[in-house]
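Please find one structure pasted underneath; my questions will follow.
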Amino acid sequence: MPKSALYSEYQLSNGQRLAVVNIHSINFTYAMAAYKKQLAALEQALLRVDGPIILAGDFNTWSQRRLEAVRAMVSRLSLQEMHFQPDQRMTKFGLPLDHIFYRGLTVEQASAIDNGASDHAAMEAQLKVLG
């Protein structure tokens with residue numbers, strides 16, 4: 001039951017390469033094996049990245065166990081969780097489904113606004129490369 005993740009790299013003006021991943025995680029499984037397998041594959045790809053990272057998308061973190069698995073992975077990758085103002089992200093069971101995590105960047109502004117175009121709020125962020 002695989003879902004999708006798009007991995008891209010961009011050359012920055014300071015010579016670093018920015019890794020950007022947009023993910024749509026597995027949703028309708030209660031067992032954690034398939035979910036953790038998808039996260040493990042993503043983590044293996046990102047462990048090779050030396051520079052800045054943006055990891056964003058629909059993680060389907062509708063359970064505490066799923067949210068904890070994601071947070072453990074991003075901790076191992078030294079990523080920070082973005083906070084939104086305003087924060088109108090879609091939630092299930094009181095937990096947000098969508099996230100942006102980052103490393104090697106500073107957040108200048110971040111918002112998640114429900115514009116009615118999707119069942120998920122549009123997450124928008126302005127980031128700046130450190131240094």
Side-chain angles (χ1 to χ4, degrees):
M1 178 178 321
K3 285 292 256 187
S4 63
L6 176 63
Y7 179 101
S8 303
E9 288 191 6
Y10 301 93
Q11 186 70 40
L12 300 175
S13 60
N14 67 0
Q16 289 183 306
R17 293 190 63 78
L18 169 66
V20 178
V21 176
N22 185 342
I23 186 168
H24 188 190
S25 289
I26 292 168
N27 192 7
F28 299 107
T29 64
Y30 290 102
M32 290 293 292
Y35 191 78
K36 285 184 175 182
K37 183 177 179 181
Q38 183 184 29
L39 292 179
L42 182 59
E43 183 175 357
Q44 287 305 306
L46 290 174
L47 281 171
R48 297 187 297 257
V49 176
D50 292 342
I53 295 173
I54 298 171
L55 171 59
D58 180 356
F59 287 82
N60 280 308
T61 47
W62 43 261
S63 74
Q64 195 62 44
R65 287 176 51 208
R66 283 173 169 246
L67 186 57
E68 288 170 5
V70 170
R71 286 188 172 152
M73 176 192 69
V74 299
S75 177
R76 289 188 298 271
L77 292 168
S78 300
L79 303 178
Q80 295 179 283
E81 187 168 0
M82 189 169 293
H83 300 283
F84 302 94
Q85 186 58 39
D87 186 353
Q88 298 174 352
R89 290 177 293 167
M90 177 185 223
T91 61
K92 288 289 183 204
F93 309 114
L95 299 170
L97 301 181
D98 306 312
H99 304 273
I100 299 177
F101 302 99
Y102 63 96
R103 177 178 84 192
L105 304 159
T106 57
V107 179
E108 296 192 331
Q109 98 50 51
S111 62
I113 299 173
D114 181 1
N115 61 15
S118 171
D119 59 339
H120 293 261
M123 295 185 296
E124 183 177 303
Q126 293 176 359
L127 301 136
K128 187 175 183 179
V129 177
L130 293 175

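Note that the numbering runs from 1 along the sequence shown for the chain.
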- Message: Please check this pair: side chain of Asn60 against backbone of Ser25, looking for a donor-acceptor N/O pair closer than 3.5 Å.
- Response: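 Pair found, side chain donor or acceptor close to backbone of Ser25.
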- Cluster link Tyr10 to Leu6, ILVMFWY, side chain under 4.5 Å: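 Different clusters: Tyr10 never reaches Leu6 through Ile, Leu, Val, Met, Phe, Trp or Tyr contacts under 4.5 Å.
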- Task: Examine Phe93 and Leu67 and state if one hydrophobic cluster contains both, with Ile, Leu, Val, Met, Phe, Trp and Tyr joined whenever side-chain heavy atoms are less than 4.5 Å apart.
- Result: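 Shared cluster, no.
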- Could you please spell out the steps behind the side chain to side chain contact (heavy atoms under 4.5 Å, CB included) verdict for Met123 and His99? CA-CA 8 Å; Met123 295 185 296; His99 304 273; 5.7 Å; no
- Message: So Leu77 and Met73, do their side chains get closer than 4.5 Å, heavy atoms only?
- Response: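 A side-chain contact exists here, since the closest heavy-atom pair is under 4.5 Å.
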- Just how far is it from atom CD of Glu81 to atom OG of Ser75, taken to the nearest 0.5 Å?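 If we round to the nearest 0.5 Å, Glu81:CD and Ser75:OG are 11.5 Å apart.
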- Message: Testing Val20, Val49, Ile23 one by one against Tyr7 for a side chain to side chain contact (heavy atoms under 4.5 Å, CB included), which residue passes?
- Response: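 It is Val49; the other options fail the test.
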- Query: Any donor-acceptor pair under 3.5 Å linking the side chain of Thr106 with the backbone of Leu130?
  - Reply: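 Not at all, since once roles are kept as given, no pair shorter than 3.5 Å links the two residues.
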- Message: Using every non-hydrogen atom in the two residues, find where Gly57 and Asn22 come nearest and quote the distance to one decimal.
- Response: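 The pair with the smallest heavy-atom distance is CA-OD1, 3.9 Å.
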- Item | Pairwise distance CG(Leu79) to CD1(Ile100) - rounded to 0.5 angstrom |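 One finds 12.5 Å between CG of Leu79 and CD1 of Ile100.
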- Query: Can you name the residues that form a side chain to side chain donor-acceptor pair (under 3.5 Å) with Arg66, not counting sequence neighbours?
  - Reply: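 So Arg66 forms a side chain to side chain donor-acceptor pair (under 3.5 Å) with Thr29.
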- Query: Is any side-chain heavy atom of Gln80 less than 4.5 Å from a side-chain heavy atom of Val107?
  - Reply: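 They are not in side-chain contact.
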- Message: Can you give me the closest heavy-atom contact between Ala121 and Ala112, atom names plus distance?
- Response: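 Heavy-atom minimum between the residues: CB-C, 4.1 Å.
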- Heavy-atom pair with the smallest gap, counting every atom of Glu9 and Ala19: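 Closest heavy-atom pair between Glu9 and Ala19: CG-CA, 4.3 Å.
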- With distance as the sole test, does Arg103 use its side chain to make a donor-acceptor pair with the main-chain N or O of Gly51 at under 3.5 Å?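 At least one qualifying donor-acceptor pair exists.
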- Message: Same cluster or not: Leu105 versus Leu12, using hydrophobic residues (I, L, V, M, F, W, Y) connected whenever any side-chain heavy atoms lie under 4.5 Å apart?
- Response: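 Same hydrophobic cluster.
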- Atom pair NZ/CZ of Lys36 and Arg65 - distance to nearest 0.5 Å: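 CZ of Arg65 is found 7.0 Å from NZ of Lys36.
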- Message: Is there a side chain to side chain contact (heavy atoms under 4.5 Å, CB included) between Glu43 and Leu39? Walk through the geometry before answering.
- Response: CA-CA 6 Å; Glu43 183 175 357; Leu39 292 179; over 6 Å; no
- Message: Rounded to the nearest 0.5 Å, what separates atom CE in Met82 from atom CG in Leu55?
- Response: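 Between atom CE of Met82 and atom CG of Leu55 there are 10.5 Å.
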- Message: Side chains of Leu97 and Thr91, heavy atoms from C-beta outward: is any pair under 4.5 Å?
- Response: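 They are not in side-chain contact.
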- Query: For Asp50, does the CG atom sit with more than 12 other heavy atoms under 6.0 Å from it, leaving out its own atoms?
  - Reply: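 It does not: Asp50 CG has 12 such atoms or fewer within range.
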- Heavy atoms only: give me the nearest His24-Gln38 pair and the separation to one decimal.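 For His24 versus Gln38, the nearest heavy atoms are O-NE2, 3.5 Å.
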- Item | Interatomic spacing from CD1 in Ile54 to CG in Leu127 - rounded to 0.5 Å |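 Those atoms lie 5.0 Å apart.
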- Are any of the side-chain heavy atoms of Val21 and Phe101 separated by less than 4.5 Å?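 Not touching, per the 4.5 Å side-chain cut-off.
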- Query: Hey, what do you get for OG (Ser63) to CD (Glu68), rounding to the nearest 0.5 Å?
  - Reply: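 Rounded to the nearest 0.5 Å, the OG-CD separation comes to 8.5 Å.
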- Evaluation steps, side chain to side chain contact (heavy atoms under 4.5 Å, CB included), between Leu18 and Tyr102: CA-CA 10 Å; Leu18 169 66; Tyr102 63 96; over 6 Å; no
